[in-house]
Each structure stands twice: as C-alpha cells, then as structure tokens.
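What you see below is based on every heavy atom in this structure, not just the backbone, and it leaves out hydrogens, waters and symmetry mates. Residues: numbered from 1 along the sequence shown.
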Amino acid sequence: QVQLVESGGGLVEAGGSLRLSCAPSGSIFSVNAMEWYRQVPGKQRELVAGITSGGSTNYGDSVKGRFTISRDNAKNTVYLQMNSLKPGDTAVYYCKISCRVSSAYSPILRYWGQGTQVTVSS
C-alpha cells in the first residue's frame, strides 16, 4: 500500500510564503502525474496545480502567478511553492500522485496524501 507523506503546512501571515512537499513512503516504478488540491469545510475539493511526467504544468486560476509546482524525479517528490499568500488560500492541501507501483505493466493508480493545513492570517 503506497502512502503519500505531506509536510510544510502551517500558519503564515498574508503576503508570506510556504513550501509544501509530498513524497511516497515506498518505492514507485513510474509517475504519471502529480497534483495538489485544496479543500475547505463545506466546499468542493479544488485543483491547485498539476505537473505531468513530461514537465507540463497547470494551475487553478486563483493561484496563477503566485504558486509554483515542481518535482524531484529522483525522489518522486512534488513541491508546491506558495508565495503572496492570501487569507483565501487557507485550506487543507492534499497531494495526489498517479503512478505505476511495480512495473510498466502495472495499472496506473491514484494515491492521496493525508492533507496538511495551511492557514493564512490577515
């Protein structure tokens, strides 16, 4: 069972920065895509940023120009650099990795991190 471990959340003042990290606890054969989502109570989970195996990135409209997604292929780690944070960015942030666990013939499965709280004060 692949588990994703997230870190880097916390409390920050408006205008500040945080860097989130997410990595699997065990080995993975190959990664298809890595994404970050966020969710606040009572609202739908929202796509924040994604990066493909080829390095293509996409961002939610609300974070474009402020957040940057990146990855370390050697460690299968995905990062989310969050700058110019706003109170509206307050949420639980979840990473998601689509990957083949064992071999090139294994199915592509999706795994979610446990979530990390980001709180931005005004």
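At a threshold of 4.5 Å between non-hydrogen side-chain atoms, the residues Met34 and Lys96 do not count as touching. Counting only heavy atoms from C-beta outward, the side chains of Val101 and Phe29 never approach each other to under 4.5 Å. A heavy-atom distance below 4.5 Å is found between the side chains of Gln81 and Ser17. Counting heavy atoms from C-beta outward, Thr68 and Leu80 have side chains that stay 4.5 Å or more apart.
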**OP:** Could you go through the side chain to side chain contact (heavy atoms under 4.5 Å, CB included) check for Val92 and Val40 one step at a time?
**Re:** CA-CA 6 Å; Val92 177; Val40 299; over 6 Å; no
**OP:** Could you go through the ring-ring contact (aromatic ring centres under 6.0 Å, His included) check for Trp112 and Tyr37 one step at a time?
**Re:** CA-CA 10 Å; Trp112 289 90; Tyr37 292 78; 5.1 Å; yes
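Val2 is connected to Trp36 through a chain of hydrophobic side-chain contacts under 4.5 Å among Ile, Leu, Val, Met, Phe, Trp and Tyr, so both are in one cluster. Under a hydrophobic clustering in which Ile, Leu, Val, Met, Phe, Trp and Tyr are joined whenever their side-chain heavy atoms come within less than 4.5 Å, directly or via other members, Leu109 and Ile28 fall into the same cluster. No single ILVMFWY cluster, assembled from side-chain heavy atoms under 4.5 Å apart, contains both Tyr59 and Tyr79. Residues Val12 and Leu20 are members of one and the same hydrophobic cluster, defined by side-chain heavy-atom contacts under 4.5 angstrom among Ile, Leu, Val, Met, Phe, Trp and Tyr.
For Thr57, the side chain to side chain donor-acceptor pair (under 3.5 Å) criterion is met by no residue, not counting sequence neighbours.
Taking OH of Tyr111 as the start and SG of Cys22 as the end, the distance is 13.0 Å to the nearest 0.5 Å. For the atom pair CG of Leu85 and CZ of Phe67, the computed distance is 5.0 Å after rounding to the nearest 0.5 Å. One distance of note links CZ of Arg100 with OH of Tyr105; it measures 10.0 Å at 0.5 Å rounding. Going from atom CD1 of Ile97 over to atom CD1 of Ile51 covers 11.5 Å, rounded to the nearest 0.5 Å. Separation of atoms CZ (Arg71) and OG (Ser53) is listed at 6.0 Å; rounding is to 0.5 Å. To the nearest 0.5 Å, atom OG1 of residue Thr52 and atom CG of residue Asn58 are 8.5 Å apart.
For Arg45 and Tyr94, the positive end sits near the middle of the six-membered ring, less than 6.0 Å away and at most 45° from its axis.
Side-chain atoms of Arg38 and Thr116 include no donor-acceptor pair closer than 3.5 Å.
Between Asp89 and Lys86 no salt bridge is recorded (no basic side-chain N to carboxylate O distance below 4.0 Å).
Pairs passing the salt bridge (charged side-chain N to carboxylate O under 4.0 Å, His left out) check and including a residue from residues 13-27, sequence neighbours excluded, do not occur. Among residue pairs with one or both ends in residues 23-32, none qualify as side chain to side chain donor-acceptor pair (under 3.5 Å); sequence neighbours excluded.
The backbone N or O of Ser106 sits nowhere less than 3.5 Å from a side-chain atom of Ser102 that would complete a donor-acceptor pair. Side chain of Glu6 to backbone of Cys95: a donor-acceptor contact under 3.5 angstrom is found. Listed for the Thr77 side chain is no donor-acceptor partner under 3.5 Å among the backbone atoms of Asp72.
The one candidate from Val48, Leu47, Asn83 that meets the side chain to side chain contact (heavy atoms under 4.5 Å, CB included) condition with Val63 is Val48.
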